[in-house]
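Chain letters run A, B, ... following the sequence lines, proteins first, then strands; residues in each count from 1.
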Amino acid sequence: MRLSAETEELLQVVTVLDDRIDAAVALEFKENVRQITETAPATVILDLSAVVFIDSSGLGAIVATMKHLAPQRTLVLAGLTAPVDRVFRLTRMDSVFSLYPTLSHALEDLS
Amino acid sequence: MRLSAETEELLQVVTVLDDRIDAAVALEFKENVRQITETAPATVILDLSAVVFIDSSGLGAIVATMKHLAPQRTLVLAGLTAPVDRVFRLTRMDSVFSLYPTLSHALEDLS
Amino acid sequence: MVARNQGDKVGRDNAFVGVFEMSLAGRTQAVRDALTTCRAHLSTICRNSEKLDDIELVIAETLNNIVEHALAERQDDAPIQISCTQDGDLISLVFKDSGIPFANHTPPGPKQVGTIAHAKSLPEGGYGWGLIHHLAHDISYVRVNQHNVLTIVFDGVTSITDNAQKPS
Amino acid sequence: MVARNQGDKVGRDNAFVGVFEMSLAGRTQAVRDALTTCRAHLSTICRNSEKLDDIELVIAETLNNIVEHALAERQDDAPIQISCTQDGDLISLVFKDSGIPFANHTPPGPKQVGTIAHAKSLPEGGYGWGLIHHLAHDISYVRVNQHNVLTIVFDGVTSITDNAQKPS
Ligand SMILES: Nc1ncnc2c1ncn2[C@@H]1O[C@H](COP(=O)(O)OP(=O)(O)O)[C@@H](O)[C@H]1O
Ligand SMILES: Nc1ncnc2c1ncn2[C@@H]1O[C@H](COP(=O)(O)OP(=O)(O)O)[C@@H](O)[C@H]1O
């Protein structure tokens, strides 16, 4: 599970470089994000624009990350492709997370 | 309507840099794409990953572009954000165009 | 462009409560700003971004049509009025303009956009009313005092459930 | 992993015609490749990428569950068999494994994942069967000869119309 991160003063962007967040990588994803966000500022934007498949294990890993970061830090999601956006809506996770269609829309709104 | 293009031997990637393709820019979009694809190879990939809003005028402009490029060249669409993907499905344009969730998936499939 | 948020009841004819009212100049360049304003107002009562996308698209199609068809011959940027009211899970958007009426005083029906075998014959326009019919819950039109009054109602606005979800 | 495309009728009990059959080792690492294979087969009969996404997701959830629950105690990578048949607009996927049965010999029902006020109490799992129920047309389960046989049917597979479209 490859990630990259860029940190500014008030926010950190974590980009998922793999195209699937599924049962095979959910644990690794959770651990890697935990490490990379260790010293993160108040807002963490998870850039999912490369991801085209997420299953319930991947969803669970994102929920776990959000809970781990709370309450000091907020996790928001950006760049959801259509199939990923669909899974968030079907599970009503769109009422739990702030979802931005692109990273630049998230940055514009949060900076 | 800002566009950028990168041309390889067998395909060209045209990236839309604005975030809306609507009635206000539909004509300009059509003309700019026409210019930028003038010497395009067989496949043109339109990267829509920055676009979060398209209306029926924007849709019409993309259809016009596809017809203008045909029959020598094929237009495929990549990086559709969730709201743009939705408009393509509602108008059944998903049966007319090849839609790729990300640019890298389009490149992988077409190269 | 004039916009204000009404918190109080308008009490026009039923339980619909004012959400916002605005007016814009009837030209293409004014539509984008109007959409931003509408979406900002609507986001105070609708938490579902997919529903907001749908409503924004329908407002865009409606305003573009008024500018391009009803007001096409007008040189004076005749204004378009929008008022939005809410009744529980429904919102009602009323568009008023002083342009020419619809042909036969009836708005276009839902267009059948089928599978298109020949890309060359695919139309480059005419998708607007198809989208409006798909996304709206109800559409009604009256011609009053040389004005077009088009009312478009949306359902499922305040509930979290989204369209993609199957009723199970 | 074994996979083959069947063009001929299987004529098991109705008009369903074979689309493909495959088997995979019952471990997490084998699921991805199995999904790629299934999607490749399904894309020959389904042109709607959103429907393919849905079916892929349901297969993923089903296989993950079999690996994580039915076969959890097994050390031998017991195989999972998948067979897919088509009857017009319907496809039927049958999953067969030699693992432990469902509790009460009944698959879980659709979970109610409501609005969650407190992020801290949000579950980190248990969304799988909710998704399967949402996306599938029909689900049935039998236990035969110490095997689980789970059948999941999808509708609207060959038609172009997609789920996002309202019946008007
Ligand atoms: N507000 C309006 N006033 C008068 N005529 C209209 C209006 N809106 C639409 N029409 C007519 O209905 C037709 C179909 O509209 P639409 O589906 O939006 O397609 P388009 O505007 O791209 O032609 C238009 O071409 C026009 O003739
Ligand atoms: N194939 C299966 N065999 C036995 N039990 C299962 C199977 N699939 C699911 N279950 C049971 O149903 C529960 C709910 O499944 P699911 O909604 O997929 O959530 P999760 O797998 O994340 O716990 C599981 O926790 C498990 O107890």
> Of all heavy-atom pairs between B/Ser57 and C/Asn64, which one has the smallest distance, and what is that distance?
Replying inline: OG-ND2, 4.3 Å

> Distance from C/Thr36 atom OG1 to B/Phe53 atom CZ, nearest 0.5 Å?
Replying inline: 9.5 Å

> Is any side-chain heavy atom of B/Arg86 less than 4.5 Å from a side-chain heavy atom of C/Leu135?
Replying inline: yes

>> Here's a test for you: under side chain to side chain contact (heavy atoms under 4.5 Å, CB included), which of C/Asp53, C/Asp54, C/Leu57 qualifies with B/Val87?
In response: C/Leu57

>> I want to check something: taking the side chain as every heavy atom from C-beta on, are B/Ser56 and C/Leu131 in contact at a cut-off of under 4.5 Å?
In response: yes

> Which region of C/Leu35, side chain (C-beta onward) or backbone (N, CA, C, O), has a non-hydrogen atom less than 4.5 Å from a non-hydrogen atom of chain B, or is it both or neither?
Replying inline: side chain

> Near B/Glu6 CD, under 6.0 Å, is it more than 12 heavy atoms from other residues, nucleotides or ligands?
Replying inline: no

> Taking all atoms of both residues into account, what is the closest heavy-atom pair of B/Lys67 and C/Leu122, and its distance?
Replying inline: NZ-O, 2.6 Å

> Is C/Glu124 close to B/Met66 at the side-chain level, that is, under 4.5 Å between some pair of heavy atoms?
Replying inline: no

>> Does any backbone or side-chain atom of B/Ile54 lie under 4.5 Å from a heavy atom of chain C? Answer side chain, backbone, both or neither.
In response: backbone

>> Before you tell me yes or no, could you show the steps for C/Glu56 and B/Arg20 under salt bridge (charged side-chain N to carboxylate O under 4.0 Å, His left out), namely the whole-Å CA-CA distance, both residues' side-chain angles and the distance that decides it to 0.1 Å?
In response: CA-CA 12 Å; C/Glu56 180 176 359; B/Arg20 300 176 79 90; 2.8 Å; yes

> Between C/Arg32 and B/Asp22, is the closest basic N to carboxylate O distance under 4.0 Å?
Replying inline: yes

